[in-house]
Amino acid sequence: MTTSPTLPKSRQRLILAVLMLCSLLIWLDNTVLSTTLETLADPDRGLGADPGELQWATGSYTLAFATLMFTAGALGDRFGHRTVFSGGLVVFAGSSLWAAYASGAGQLIAARAAMGVGSALITPAMMAILMWTFTGPARAAAIGIFSTSAGVGMAAGPVLAGFLLDHFWWGSVFLINVPVTALALIGLAVLVPNFRSPARRPLDPAGMLLSIGGLVALAYGLIRAGQVAAWGRTDVWAPIVAGLLLLAAFVLVELRVKVPSFDPRLLARRAFGGGNVALGLLLFGVAAITFYSAFYLQGALGFSPMKAGLANVPTAVGALAGAPLASRLVRRLPLRVVTVPAFTVAALSMGGYVLLGLDTSLVWIEVLLLVQGLSIGMVIGPVTAALVSDLPLDRAGAGSAVTNTVRQTGSVIGIAVGGTIMSIVYRRAIEPSLEGAPGPVREQARVSAEQARHVADVTHRPALAQAADDAFLHAMHIGAGWIAGIALVGAVVLFFALPAAGEEKGSTAEPDREAARTSTSRSTA
């Protein structure tokens, strides 16, 4: 391979546009499913999926994403980032088509896992191509522009899903991915060189298998607890114990590897380790409370998918405003002073769901969602930037793998735990209202509030529908309390992880790496 010259600015802008399109695609996919959950639970309009199946439909994607992302980075170093990126887009498009026409919850779960594989191949390659394409001040500007795709995706996803669900069948929210990926593939082939690092990271099959096995077993045990409403059964505690043991083995294996894909040693650093744990707990809360919100807006309040999508826009608007606001504040104030109070407000806003009911004004719901998005945006951006900048340059790649894996793991466990708490409390709350009901009615009503409302409508039992709403709200209130408490632990961890004002290091300018860029090899388009 020969050294390629700096790309023309016009080509750099076009590459950035392709990368933003792909990032927007992933963020859209992350947000459209939350709006679709209520429809998927409906036996008539969707698949009649129970809460456990919906947890897996969400969690299988995140599991694959979390455990394959650091392996995907190594594949990009070895075979070229454009090659891996293109492969990820093909997998994502094919699995989106599969998900769109899934005939049952099991097929949807498998298709979502395949979509997670595609996203895992895409994400590291996106950032690598961005870093190779731009340098110096242009790189910082490009990263800032690129990051806006997340906010746009968060805002547009629920609205797009609502529009599609109001006018087409539920599979349309996945089918829309196919033409977008086709356009992105053309852009990659025409514009993007096949950048490749001269220092090839080794693949880590043992670590990959242990991390996948551990997270799947742990998530299965937690979700199974919600399905059977008991913790003492062997099929609940055994997978949880096995998952924890496999994850412990994963850490031990990575400690022995000379060049680990996931480096646990980095977590021993106070700021990096504590900050990542805090972010993992924050994403735990975000995933769980988002899962609740989907069923509250469409199920309990009876919003249409479009109205529910519009109702979620304040969360995205808050996140878009929070990130730049925090960036300005941390120039004048210590990071701890800015982010710990914001983290605390985010946790309390999750706890604010205990105040929501069937007659809560939409205005108050929107205020709560706006505050939640604003506070979360003020935490994630500046804390992530501080964690990465705290690392030596030669460990930035490994640090990014750790950060992304911890975040996705927090999301997986948040969905599993949050959904399980809801399922267990709902079943206990609905049980007294089922006395005297026929056996099939009792069995269906115990599954979820969505199933209870459906059977109540079919059998003309309005009292059962009201009881399902009451049981769901009780379960959501209990779950929100637990979620807020766990998120508050994250705020405490962040307080002790971040240095106080007197301990903070002076900021140093990032060295210009143009010389390094021109001395490394690339393969051109």
Side-chain angles (χ1 to χ4, degrees), residues 15 18-30 33 58-99 109-133 146 149-150 153 174 177-189 191-197 200-205 207-209 211-212 215-216 260-262 397-398 400-409 411-412 522-523 525:
I15 291 174
V18 172
L19 297 179
M20 290 186 67
L21 177 66
C22 296
S23 177
L24 179 62
L25 176 70
I26 291 178
W27 277 102
L28 283 172
D29 185 71
N30 283 336
L33 185 62
T58 307
S60 62
Y61 174 91
T62 314
L63 274 170
F65 200 175
T67 53
L68 295 178
M69 196 157 23
F70 48 80
T71 301
L75 289 172
D77 290 340
R78 179 168 299 213
F79 300 109
H81 294 293
R82 187 186 65 185
T83 300
V84 174
F85 199 155
S86 300
L89 285 172
V90 170
V91 171
F92 192 84
S95 53
S96 295
L97 193 63
W98 182 14
I109 291 167
R112 288 286 298 169
M115 292 173 73
V117 173
S119 294
L121 294 172
I122 291 169
T123 301
M126 268 196 305
M127 292 308 300
I129 290 171
L130 185 70
M131 299 296 283
W132 276 94
T133 302
F146 178 78
S149 60
F174 301 114
N177 294 337
V178 178
V180 180
T181 52
L183 182 62
L185 279 168
I186 294 172
L188 279 177
L191 296 168
V192 180
N194 196 23
F195 300 120
R196 183 181 305 174
S197 173
R200 297 184 182 181
R201 283 182 286 155
L203 299 179
D204 185 14
M208 183 178 69
L209 291 174
S211 60
I212 292 174
L215 284 173
V216 168
S261 298
F262 179 97
S400 177
V402 171
T403 298
N404 283 308
T405 303
V406 170
R407 285 188 189 186
Q408 297 298 327
T409 300
S411 296
V412 170
R522 308 177 186 173
S523 65

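What's counted below: heavy atoms across the whole structure, side chains too, no hydrogens, waters or symmetry copies.
- Ala184 and Cys22 get closest at one heavy-atom pair: CB-SG, 3.5 Å.
- The closest side-chain heavy-atom distance from Leu25 to Phe92 is below 4.5 Å.
- Evaluation of the side-chain contact (heavy atoms from CB on, under 4.5 Å) rule for Leu185 yields Ser86, Leu89, Val90 as partners, not counting sequence neighbours.
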Without placing hydrogens or testing angles, list every side-chain donor-acceptor pair under 3.5 Å for residues 115-131, not counting sequence neighbours.
from, atom 1, to, atom 2, distance (Å)
Ser119, OG, Tyr61, OH, 2.7
Ser119, OG, Met115, O, 3.2
Thr123, OG1, Ser119, O, 2.9

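- Residues Thr133 and Ile15 approach most closely at OG1-CG2, 3.9 Å, considering heavy atoms.
- With sequence neighbours left out, Thr409 forms a side chain to side chain donor-acceptor pair (under 3.5 Å) with no residue at all.
- The closest side-chain heavy-atom distance from Phe65 to Ser411 is not below 4.5 Å.
- Ala93 approaches Thr181 most closely through the heavy-atom pair CB-OG1, 3.2 Å.
- In this structure, Arg112 contributes its side chain and Ser60 its backbone to no donor-acceptor pair below 3.5 Å.
- With rounding to the nearest 0.5 angstrom, the CG atom of Leu19 is 12.5 Å from the CG atom of Leu24.
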